[in-house]
**Q** 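Mind looking over this structure? Questions follow.
Below, chains carry the letters A, B, ... as their sequence lines are ordered, and counting in each starts from 1. The shown structure was predicted, so the numbers you read here are calculated from the model rather than taken from an experiment.
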Amino acid sequence: MPELPEVETIARGLRATIVGRIVREAQVLHPAIVRFHPPTSMAGEKIVTVDRRAKLLRIHLQSGWMAVAHFKMSGRLWVTDSTTTLPQHTHFRALLDDNAQLLFVDPRRFGFVGLLTPQEWQQWPFARTLGPEPLETPPEILASRFTGRRAIKAVLLDQRTIAGVGNIYADESLFAAGIHPATLARALTPAHRNRLAQAIRQILQEAIRAGGSTISDYRNAMGDKGLFQEQFAVYGRAGLPCTHCHTPLVRSHVAGRSTVWCPQCQPLA
DNA sequence: AGCGGGACCTGTGGGC
DNA sequence: TGCCCACAGGTCCCGC
């Protein structure tokens with residue numbers, strides 16, 4: 001489910017609601033979603049900050065430990081009143097000192113939650129090899145990373161190239177930059193690379209402004225839907241006319257993922 | 001090296 | 001109504 005804009009939206013929502021709270025109780029309801037140290041030991045801890053790195057959400061605790069969550073395809077993290085009935089597929093629950101509860105809900109159970117020390121975070125191979133944050137990195141630097149003999153879409157989805165881009169925003173960015181998703185990265189011109197870097201930053205910023213994209217089940221920490229799906233130019237629009245030239249959009253598989261593009265506006269370089 | 005395919009899971013929607 | 005298939009926002013692993 002969530003890519004960078006959705007995780008960022010969740011992080012902002014949590015920052016406004018749970019920072020400063022103390023965790024009274026923490027229970028794991030489905031052990032399969034635990035990674036690293038079990039999050040049950042959050043009990044007694046004060047929540048100091050909440051942030052995001054790539055598609056990972058991090059809750060920093062006063063002791064220095066951090067709770068890390070990855071939502072994969074269907075994970076959610078949200079805050080409700082502690083009297084609210086637990087939704088189906090609630091796998092972790094933290095009761096806070098203001099009578100709120102923080103819930104990790106994930107029907108498909110691809111996601112995970114766990115505790116790490118800062119040192120363990122540094123040593124975790126996935127975190128260590130993450131590429132730069134697209135919104136905190138000059139576009140020229142991002143552009144310089146679009147290399148290699150893979151399809152550009154595969155390069156964008158690789159979290160080591162740029163952190164946080166997934167299937168939706170890869171397709172939307174490639175459309176905005178006028179680049180065919182199957183173009184080999186090494187075949188891109190410098191102008192292509194710069195346009196793509198700018199497009200990624202712009203699309204991600206607009207998506208954050210819209211509170212992310214809700215296709216079916218994404219919700220922010222408060223349970224609200226995002227609105228960016230209303231601005232999709234290509235994702236989920238196969239067969240519909242291109243917003244720019246009215247040519248029917250095409251869907252196929254690129255880099256093993258369902259991919260939509262405009263055959264007219266996105267020529268293969 | 002890079003790709004395709006499968007695995008991890010459940011839910012939903014379409015076709016018959 | 002019920003059944004079967006395809007497909008879904010991510011990542012990892014295997015074999016060619």
**Q** For I168(A) and dA8(C), what is the distance between atoms CD1 and C1' respectively, to the nearest whole Å?
**A**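 Checked: the CD1 to C1' distance equals 10 Å.
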**Q** Among the clusters formed by ILVMFWY side chains lying less than 4.5 Å apart, do L61(A) and I18(A) turn up in the same one?
**A**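 As far as the 4.5 Å side-chain criterion goes, I18(A) and L61(A) are connected within one cluster.
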**Q** Is the distance from OP1 or OP2 of dG9(C) to the nearest side-chain N or O of Y169(A) less than 4.0 Å?
**A**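 Negative; the distance criterion is not met.
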**Q** Between C1' on dG9(C) and NZ on K55(A), what's the gap in Å once rounded to a whole number?
**A**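 In whole Å, dG9(C) C1' lies 8 Å from K55(A) NZ.
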**Q** Determine the interatomic distance between P on dC9(B) and the same-named atom on dG2(C); round to the nearest Å.
**A**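 dC9(B) and dG2(C) have their P atoms separated by 27 Å.
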**Q** State which of dG10(C), dC3(B), dG9(C) makes the closest approach to the side chain of A151(A).
**A**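 Among the listed nucleotides, the one closest to the side chain of A151(A) is dC3(B).
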**Q** Does dA8(C) have OP1 or OP2 under 4.0 Å away from a side-chain N or O of S258(A)?
**A**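 For S258(A), the contact criterion (side-chain N or O under 4.0 Å from OP1 or OP2 of dA8(C)) is met.
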**Q** Quick one: do D51(A) and R15(A) make a salt bridge, cutoff under 4.0 Å?
**A**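 The answer is no: the pair does not qualify as a salt bridge.
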**Q** Taking atom P of dA1(B) as reference, at what distance in whole Å does atom CG of D158(A) sit?
**A**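 In whole Å, dA1(B) P and D158(A) CG are 14 Å from each other.
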**Q** Figure out the CD1/P separation between I10(A) and dG9(C), and round it to whole Å.
**A**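 Distance check: I10(A) CD1 to dG9(C) P gives 17 Å.
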**Q** What is the nucleic acid contact for H253(A), judged by heavy atoms within less than 4.0 Å: base, sugar-phosphate only, or nothing?
**A**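 Answer is nothing: H253(A) stays at 4.0 Å or more from every strand.
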**Q** Rounded to whole Å, how long is the line connecting atom CZ of R257(A) with atom C1' of dC7(C)?
**A**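 Nearest whole value for this atom pair: 11 Å.
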**Q** How do R251(A) and Q159(A) order along DNA chain C: which one's closest nucleotide is nearer the 5' end?
**A**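 Nearest-nucleotide comparison on DNA chain C picks R251(A).
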**Q** Give a yes or no on whether a salt bridge exists between E3(A) and K55(A), defined as a side-chain N under 4.0 angstrom from a carboxylate O.
**A**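 Looking at K55(A) together with E3(A), the answer is no, because their closest N to O distance does not fall below 4.0 Å.
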**Q** Does H70(A) place a side-chain N or O at less than 4.0 Å from the phosphate oxygens OP1/OP2 of dT11(C)?
**A**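 Checking H70(A) against dT11(C): at least one side-chain N or O falls below 4.0 Å of OP1 or OP2.
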**Q** Could you measure between the two C1' atoms, the one in dG10(C) and the one in dA1(B), and give it in whole Å?
**A**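 Rounded to whole Å, the distance is 22 Å.
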**Q** Is there a continuous path of hydrophobic side-chain contacts, each under 4.5 Å between heavy atoms, that joins L86(A) to V105(A)?
**A**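 Linked within one cluster.
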**Q** For dG15(B), what is the paired nucleotide under Watson-Crick or G-U wobble rules, both distances under 3.5 Å?
**A**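 When the pairing criteria are applied, dC3(C) turns out to be the nucleotide that pairs with dG15(B).
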**Q** For the C1' atoms, the ones on dC3(C) and on dC8(B), what distance do you get once it is rounded to whole angstrom?
**A**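 Here dC3(C) and dC8(B) have their C1' atoms 24 Å from each other.
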**Q** Is there a donor in the side chain of S213(A) and an acceptor in the side chain of Q229(A), or the other way round, less than 3.5 Å apart?
**A**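 The criterion, which ignores hydrogens and geometry beyond distance, is not satisfied for Q229(A) and S213(A).
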**Q** In whole angstrom, give the distance that lies between atom CG of D171(A) and atom P of dG10(C).
**A**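 It is 10 Å, rounded to the nearest whole Å.
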**Q** Establish whether the base of dG9(C) is bridged to the side chain of S213(A) by a donor-acceptor pair shorter than 3.5 Å.
**A**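 Between dG9(C) and S213(A), which were checked side chain against base, a qualifying N/O pair under 3.5 Å is absent.
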**Q** Compare the minimum distances between each of dG10(C), dA8(C), dA1(B) and the side chain of K72(A), then state the nucleotide with the smallest one.
**A**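 Out of dG10(C), dA8(C), dA1(B), the nucleotide with an atom closest to K72(A)'s side chain is dG10(C).
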**Q** Which atoms of nucleotides 8-12 of chain B (N or O only) lie under 3.5 Å from a protein N or O atom, and what are those distances?
**A**
unit_1, atom_1, unit_2, atom_2, d
dC9(B), O3', R109(A), NH2, 3.2
dC9(B), O2, R108(A), NE, 2.8
dC9(B), N3, R108(A), NH2, 3.3
dT10(B), OP1, R109(A), NH2, 2.4
dT10(B), O4', P107(A), O, 3.4
dG11(B), OP1, H89(A), NE2, 2.8

**Q** Heavy-atom count check: over 12 atoms from other residues, nucleotides or ligands less than 6.0 Å from H244(A) NE2?
**A**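 Check fails, neighbour count at 12 or below.
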**Q** What interatomic distance, in whole Å, is found between C1' of dG9(C) and the corresponding atom of dG2(B)?
**A**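 The same atom, C1', in both gives a distance of 24 Å.
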**Q** Can you check the L157(A) CG to dG4(B) P distance for me, whole Å?
**A**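 Value for this atom pair: 13 Å.
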**Q** Is a donor from one side chain sitting under 3.5 angstrom from an acceptor on the other, for N220(A) and T9(A)?
**A**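 T9(A) and N220(A) do not have a side-chain donor-acceptor pair below 3.5 Å.
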**Q** If we only count heavy atoms from C-beta on, is the L96(A) to Q101(A) side-chain gap below 4.5 Å?
**A**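 L96(A) vs Q101(A): side chains apart.
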**Q** Scan S216(A) against the nucleic acid and name what it touches under 4.0 Å (heavy atoms): base, sugar-phosphate only, or nothing.
**A**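 Base contact - S216(A) has a heavy atom under 4.0 Å of at least one base atom.
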**Q** Measure from CZ on R160(A) to C1' on dG10(C) and round the result to the nearest Å.
**A**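 My rounded result for the distance is 14 Å.
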